[in-house]
Amino acid sequence: MPELPEVETTRRGLEPLLIDQQIRTAIVRNRALRVPVPRDLPQLLGDAVIRNLGRRGKYLLIDCGRGTLILHLGMSGRLWIVTGNAPAGKHDHLDLVLANGTVVRLCDPRRFGLVLWVCGDPLLHPLLCTIGPEPFAEHFDGSLLYSATRTRSASIKQVLMDSRIVAGIGNIYANEALFRSGIHPAMSANRIGLKRCQSLVTNIKKTLQLAIDAGGSSLRDYVGSDGLAGNFQNQFMVYGRASNPCPQCGTPIRGIRQGQRATFYCPRCQSR
DNA sequence: CGCCAGGCCTGCACGC
DNA sequence: TGCGTGCAGGCCTGGC
């Protein structure tokens, strides 16, 4: 589920509650995520003080001084603050218990997420060191996307979802940004000119920002750290809207598949 | 029952 | 030879 806007919404929601707080312990109920949760997480985290809450692409980075807890929410993960004494459910695999009593809970029904502990620079971890520019970085601009795509004959949509090109863009936001730029998702990336790359970067930033402003998108199970659903799904132009009218021209939105993933576009507004 | 779902890694066959 | 590419499959549960 979570793409960059949902992870960022989670980060912002948790930040004020976690910064400078001491961790009492971690409760691991199920280690069987995509990568096994470290067995000794309670010892690694116990008494650590959270210095900073960061994000790289779709990864959440909890800086504990002596090391960093890296979380990825996979398709169905969610981090939330336990209110009251809510008993752990079937898919609540991990709790971080703070010294002040606050409990941060990781729920991930499909278990595609992961929890890692790294010492030293977390950005050097093999899973993070190949990630491309953050979409909001100033240096991520049209000319960078243009040069990064010259050798890529794959479709622009699949290239946008390649984290080595740009961080954090998944299926929803690739579809939405391409619509906003009027680019056909099946167009070969290396056939897109500089002007359109510039437009695409502008619309990637714009779409992600609008989604963050809306608290992310809530499909199926996603809710933010405060338990509230985001509502960017109400602003989807094309995603999930096959055969509904294009918001710009009224032509029915077309749904196709690209590399096992659902793609949605307007056949009139988006050209090759 | 089969199919679908927001992620991402691996391995394979293929063509240049 | 060695890329990049396009697939398929795997990791899981739940909803329709």
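Every chain is numbered from 1, with letters handed out A, B, ... down the list of sequences.
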Beyond-backbone contact of A:R56 with A:L61, side-chain heavy atoms, under 4.5 angstrom:
yes
A:Q258 atom CD is separated from B:dA5 atom P, nearest whole Å, by 13 Å
Here the distance between atom P of C:dG6 and atom CD1 of A:I156, to the nearest Å, is 12 Å
A:N171 has its side chain closest, among C:dT13, B:dC9, B:dG7, to B:dG7
May I ask you to verify if any side-chain N or O of A:H72 is less than 4.0 angstrom from the OP1 or OP2 atom of B:dC8? yes
Whole-Å distance, A:L33 CG to B:dC8 C1', equals 14 Å
Is there aromatic stacking of A:F112 against C:dC11, centre distance under 5.5 Å, plane angle under 30°? yes
From the candidates C:dT5, C:dG14, B:dG7, the one with an atom nearest any side-chain atom of A:S153 is C:dT5
Is a donor-acceptor contact shorter than 3.5 angstrom present between the side chain of A:R111 and the base of C:dC12? no
Exercise. Do you see a donor-acceptor pair shorter than 3.5 Å between the side chains of A:D213 and A:Q209?
Worked result: yes
Rounded to whole Å, CE of A:M161 lies from C1' of B:dC9 at a distance of 14 Å
Among B:dA5, C:dG14, B:dG7, the one nearest any side-chain atom of A:R110 is B:dA5
From the candidates C:dT13, B:dA5, B:dG7, the one with an atom nearest any side-chain atom of A:A262 is B:dA5
When rounded to whole Å, the CD to C1' distance for the pair A:Q260 and C:dC11 reads 15 Å
task = Considering only atom P, compute the distance from B:dG2 to C:dG9 and round it to an integer number of Å.
result = 15 Å
Open item on the list: Does this structure show an ion pair linking A:R11 with A:E8, if we count only N-O contacts that are shorter than 4.0 Å?
Closed with: yes
Margin query: Between B:dC1 and C:dC11, how many Å separate the two C1' atoms, rounded to a whole number?
Written below: 22 Å
To the nearest angstrom, the CG-P distance between A:D108 and B:dG7 comes to 13 Å
From the list A:I70, A:L106, A:I62, A:D108, side-chain contact (heavy atoms from CB on, under 4.5 Å) partner of A:V115 resolves to A:L106
A:Q158 CD to C:dG6 C1', in whole Å, measures 8 Å
Picking from C:dT13, C:dG6, B:dG7, the nucleotide nearest the side-chain atoms of A:A154 would be C:dG6
Among the nucleotides C:dG4, C:dG14, B:dC9, whichever has the atom closest to the side chain of A:H91 is C:dG14
Picking from C:dT13, C:dT5, C:dC11, the nucleotide nearest the side-chain atoms of A:R34 would be C:dC11
- Short N-O contact, A:D20 and A:R51, less than 4.0 angstrom: no
Of B:dC4, C:dG14, B:dG7, the nucleotide closest to the side chain of A:R257 is B:dC4
To the nearest angstrom, the NZ-C1' distance between A:K157 and B:dG7 comes to 13 Å
